[in-house]
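What follows is one structure encoded as structure tokens, with my remarks underneath.
These figures come from a predicted structure and were not determined experimentally. Positions are given from 1, in the same order as the sequence printed here.
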Amino acid sequence: MNDIREIVGPAVRRSGRRWRRFWLLAVPAVAAAGAVLVGVAQGALAASVAASGNAFKVSGDRLEGDGFTVMPGLNTEPGGKQHVVMVVTARQAKLRNLCVSLLLPTPLGKMTVVVKAGTTRPVQATNLSVHADQAFGDIQLTQVDAQALSGAGASGDGLGGLTGSVSHLVAVNPKFTGWHGAAGSFTLHDVSVQVKPGDHECF
């Protein structure tokens, strides 16, 4: 009769290897996110995030800001894949109850990195730029200026469409999916970073 260790040994070793691969992915992601969030919360860093293969999702209770512009553009992932997006910029913006999520494949199945902030004081950003492909919410706009673009596009990328600028924007329950985000400064309060097995996206 075979020793029980001979029967379960290979399965245990395989399980151990999968868990090691899981933590090799998870630990650097959490550590990097935590370090960046601490830096931006202290006002020490500009902020930038780019998604590869999966768009990140952002939601909140109320978004308010000044100096918004929207125009069509192309986003290029770190691996070279391109997406048609809306390039949204803002001179300054604040968002209450920020939620950012990124769904990732791992050897043990799906994993969601979830960042939350701004429960007591809104998250604040200056010189904000976001490449988004979907946006939802109840929006109030002030001093809207819109115009059609030629096929050459604003940056010579061959995209036409419509560009617009807004003096002041208020969005209730905003939600969007994005491929790249950057800010000259990013101030966060009440920061929480979690890695959750399964699908736990913001919406």
Side-chain angles (χ1 to χ4, degrees), residues 7-41 45 47-63 75-86 88 93-123 125 128-138 171-183 186-203:
I7 299 174
V8 303
V12 170
R13 287 195 293 272
R14 285 194 298 272
S15 176
R17 285 195 295 270
R18 286 198 296 269
W19 275 108
R20 284 194 292 272
R21 287 196 296 269
F22 171 81
W23 288 114
L24 284 173
L25 287 170
V27 171
V30 175
V36 170
L37 288 170
V38 168
V40 297
L45 297 172
S48 179
V49 61
S52 180
N54 296 78
F56 56 86
K57 293 186 176 182
V58 180
S59 67
D61 287 351
R62 179 184 172 92
L63 171 67
N75 179 76
T76 303
E77 291 186 38
K81 187 176 181 180
Q82 291 187 318
H83 305 270
V84 177
V85 294
M86 299 175 290
V88 182
K94 56 184 179 181
L95 177 62
R96 184 172 293 278
N97 280 338
L98 168 71
C99 176
V100 182
S101 64
L102 179 61
L103 187 63
L104 298 170
T106 77
L108 294 180
K110 293 180 180 179
M111 174 182 72
T112 309
V113 179
V114 182
V115 179
K116 293 186 177 182
T119 56
T120 60
R121 288 181 289 172
V123 172
L128 180 66
S129 175
V130 177
H131 292 186
D133 56 9
Q134 295 185 73
F136 313 92
D138 299 324
V172 179
N173 297 322
K175 299 178 177 68
F176 68 86
T177 57
W179 295 93
H180 180 267
F186 203 35
T187 304
L188 299 162
H189 306 284
D190 319 308
V191 179
S192 165
V193 182
Q194 293 179 294
V195 179
K196 299 181 178 182
D199 185 346
H200 297 279
E201 294 181 284
C202 296
F203 62 90

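Between L98 and L188 there is a side-chain heavy-atom pair separated by less than 4.5 Å. Under the 4.5 Å side-chain criterion, counting only non-hydrogen atoms from C-beta, C99 is in contact with V114.
Pairing each heavy atom of D133 with each of V84, the nearest pair is CB-O, 4.2 Å. Between R96 and R121 the shortest heavy-atom distance is NH1-N, 4.0 Å. For the residue pair S192 and Q194, the shortest heavy atom distance occurs at OG-CG, 4.0 Å. Between F176 and A132, the closest heavy-atom pair is CD1-CB, 4.1 Å. The two residues L95 and G60 make their nearest non-hydrogen contact at CD1-CA, 3.9 Å.
Distance CG/L104 to CZ/F56: 12.5 Å, rounded to 0.5 Å. Here CG of L102 is found 8.5 Å from OG1 of T112. Values are rounded to the nearest 0.5 Å.
Not counting sequence neighbours, the partners of K81 by the side-chain contact (heavy atoms from CB on, under 4.5 Å) test are E77, H83. Residues passing the side chain to side chain donor-acceptor pair (under 3.5 Å) test with S101, sequence neighbours excluded: none.
In this structure, the side chain of D190 engages the main chain of T120 through a donor-acceptor pair within 3.5 Å. Between the N75 side chain and the V85 main chain, no donor and acceptor come within less than 3.5 Å of each other. Although no hydrogens or angles enter the test, the distance criterion places no donor-acceptor pair under 3.5 Å between the side chain of K57 and the main chain of C202. In terms of modelled atom types and a separation under 3.5 Å, the side chain of D199 and the main chain of E201 share a donor-acceptor contact.
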